[in-house]
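Since the model is a prediction, treat every value here as computed from it, not as a measurement.
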Amino acid sequence: MVSNNMKPNSFAFTAPKLLFCFIIIFTFSSIYYSLNSLFSNKQTTPIIYQSHNYENNLLPPKPNRTLSATEPPSQSQIQLNTTLHHIVFGIGASSKLWSKRKEYLKIWWKPDEMRGVVWLDHPVKTDSTDFNLLPPTMISSDTSDFPYENKEGKRSGIRISRIISETVKLGMVDVRWFVMGDDDTVFITDNLVRVLSKYDHSQYYYIGSLSESHIQNIHFSYGMAYGGGGFAISYPLAVALAKMQDRCMKRYSGLYGSDDRIQACMAELGVPLTKEPGFHQFDVYGNLFGLLAAHPVTPLVSLHHLDLVSPIFPNSDRVESLQRLRVASQLDSAALLQQSICYDQPRNWTVSVSWGYAVQIYQGIIPPREIERPARTFLNWYPRADHRGFPFNTRPVSKNECERPLVYCLSNALYDAHADQTATEYVGTGTLNPNCNWEMDNPSPINRVEVYKRPDPYLWDKAPRRNCCRVLPTEAKDTMIVDVGECEEDEIVEVMELNI
C-alpha cells in the first residue's frame, strides 16, 4: 500500500539506483580532487611579460619578468599605463615675464606628446618660431568681482588659483590628472608620470610637496602643496573643485596667494595633501648644489624659482645649465640626481655620485648618514633665519678647506647600446685642493670622473633604496672610474677604518 504522504512517482532507493548515485558521486569527487591538486601545485606555469621597445628614447628594453600565477598585479599594472597623454598642464604665467620665462618651458615641453595651456593675465606678442615649441596661451577670466583683503599679497593669486578650474572647463577628454605649475617651473615629465602612476586617478587625490622653509610652512600650512613646485589633482577631484571653487574663494578673501586658496577649498572637500618630495618649490637663495647633490631617494619631478637661485652648473647661464641636465634626463630620467655613496678604501676617500649632475670626492672616510644630508650651500628664504629654519636635516659647509670635497660636474653623457649602459663624464670645477699634509692621498690630481651605469626605467617600481657605487681600478692617474648600479645581495656601504 502506498502511504498517503508519498506520491506514486517518488524515487525508491533500489539497488540499481543506489549504484548509479555512487558512480555520480565518485565522478564528481575525482574531478574536484584533480582540480584542487592542479591549483595547489607550486610548479605553476609562469606568466611571461614581454619586453617593450624603448629604442627611440634610448632606454633599454625591460627584461622578461617571470611571475607565478598567484602573484597579485602591481599598482602600476592596475593603473593601465598612465602616460603623458593622460595629463593636462595648467601653467600660470605673467605677460611681463613671458619673453624670458618661456625659455624654461621650452626645455621640458613635448608638443607631440603633451596637452596643456599657458594662462596669462594679458595678451603677449607671439613669435612664429615658438609656435611648435610651446603650449597654446589663453587669457584668464576676469576676477575683479572676487574680494581680496590681504595687504601683503597680490590679486593675481585669485587668477592663478582658478587655473585648474578653467582648464577643466575646456572639456578635454581622456584626462586622468591636471598638473599645475608656474612659468619658471621645469618638470621632469617621465618622473611625473612615474609618480602619478602609483595612484588611482579615479579617486580624489591632491599631490604635491612643501616649502624648503619651515617658516613658510608654518605661516601657510604643512598640508598645502606649493604651486611653483607643481602639484597634481586627479580628474574627479578637479571636476569637484571646479563646481565649488568660486563660492569657496569668496569665503577666503583674506588669504595671501593661490596655493593657500586651493588648499582651503581642498579642506572643504575633505581631501588632504598626499606628499611627494620630488616636487621642489625651492624657497631658498644662492647655490642649490647642496640640495641637488643629496637629493632624497625619490624621483626628481620638478624644479622651481630658477630665477632666484644661481645656475645649477658653474660657468653656464640658467637655461644652459638646465639643458645640460636634460641631456642626462633623456638617457636615464629615473636615476637623475640619485645619490650613490662608496669608498676608495686604498686611498681613504669617500665618493658621492649624484648621477647626471655631480661627483664629490672627500678625503677621509665619512659615514653615509652624513653624506646624505644636504650641505648648506644655500640660504634660507628668510634672511634672519638660520639652519633651524629648514624642515629637513642639513650639514654645514666646513670652514676647513681640507675637509671640503673636490667637485666634478657633468660635462658629457651618452648611451652605449652594445654595452647597454650610460657613460657620463664629470670634470673638475677648477678649485684646487689645498696641501693639507694629511697622511693619505690627495685627490687633486683627479681632474675627471667617468661613471658607468645601466639604465633602469623601472627603478621606482621597487622599494626605495639608493643605488650602490664601486670605484674601479684604472692606470690613469688623472681619472677615476666608478660603476653605479643596483646593490647586489649583501652589498652595503660599510664604513671602514682609515687605511693609514
Inset, instruction - Just do the side chain to side chain donor-acceptor pair (under 3.5 Å) check on Tyr252 and Asp260 with the steps written out, would you? - result: CA-CA 9 Å; Tyr252 297 100; Asp260 46 358; over 6 Å; no

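- Using modelled atom types and a 3.5 Å distance limit, the side chains of Thr394 and Arg376 yield a donor-acceptor pair.
- Shown here is Lys106, whose NZ atom has more than 12 heavy atoms of other residues, nucleotides or ligands within 6.0 Å.
- Distance check: Leu306 CG to His280 NE2 gives 11.5 Å after rounding to the nearest 0.5 Å.
- Between Trp109 and Phe89, the ring planes lie perpendicular to each other; the angle is over 60°, past the 30° to 60° tilted range.
- Between Leu120 and Arg159, the closest heavy-atom pair is C-NH1, 3.3 Å.
- Looking at Arg162 and Asp246, a side-chain N of the basic residue comes within less than 4.0 Å of a carboxylate O on the acidic one, giving a salt bridge.
- For Lys169, the NZ atom counts as densely surrounded, since its 6.0 Å shell holds more than 12 non-hydrogen atoms of other residues, nucleotides or ligands.
- Residues Lys96 and Asp121 are not paired through a salt bridge, judged by the lack of any N-O separation under 4.0 Å between the basic side chain and the carboxylate.
- Using cut-offs of 30° and 60° for the angle between ring planes, the His214 and Tyr222 rings count as tilted.
- Using a 3.5 Å distance cut-off with no hydrogens or angles, the side chains of Tyr285 and Asn380 do not pair a donor with an acceptor.
- Interatomic distance, Thr167 OG1 to Met180 CE, rounded to the nearest 0.5 Å: 8.5 Å.
- Asp283 and Ser213 are not linked by any side-chain donor-acceptor pair at a separation below 3.5 angstrom, with hydrogens and angles left out of the test.
- Inspection of the Tyr199 and Glu276 side chains reveals an N or O donor paired with an N or O acceptor under 3.5 Å.
- At least one side-chain heavy atom of Val284 sits less than 4.5 Å from a side-chain heavy atom of Phe390.
- The only member of Arg465, Arg454, Lys462, Arg470 that meets salt bridge (Lys or Arg N to Asp or Glu O under 4.0 Å) when paired with Glu486 is Lys462.
- Annotation: Lys110, atom NZ; neighbour count of heavy atoms from other residues, nucleotides and ligands within 6.0 Å is above 12.
- Between the side chains of Asp184 and His304, at least one donor-acceptor pair of N or O atoms lies under 3.5 Å.
- By the 6.0 Å contact criterion, OH on Tyr382 is enclosed, its count of non-hydrogen atoms from other residues, nucleotides or ligands being greater than 12.
- Smallest separation of non-hydrogen atoms from Ala293 and Ser352: O-OG, 4.4 Å.
- The residues Arg101 and Asp182 are annotated as not salt-bridged, no charged nitrogen and carboxylate oxygen being separated by less than 4.0 angstrom.
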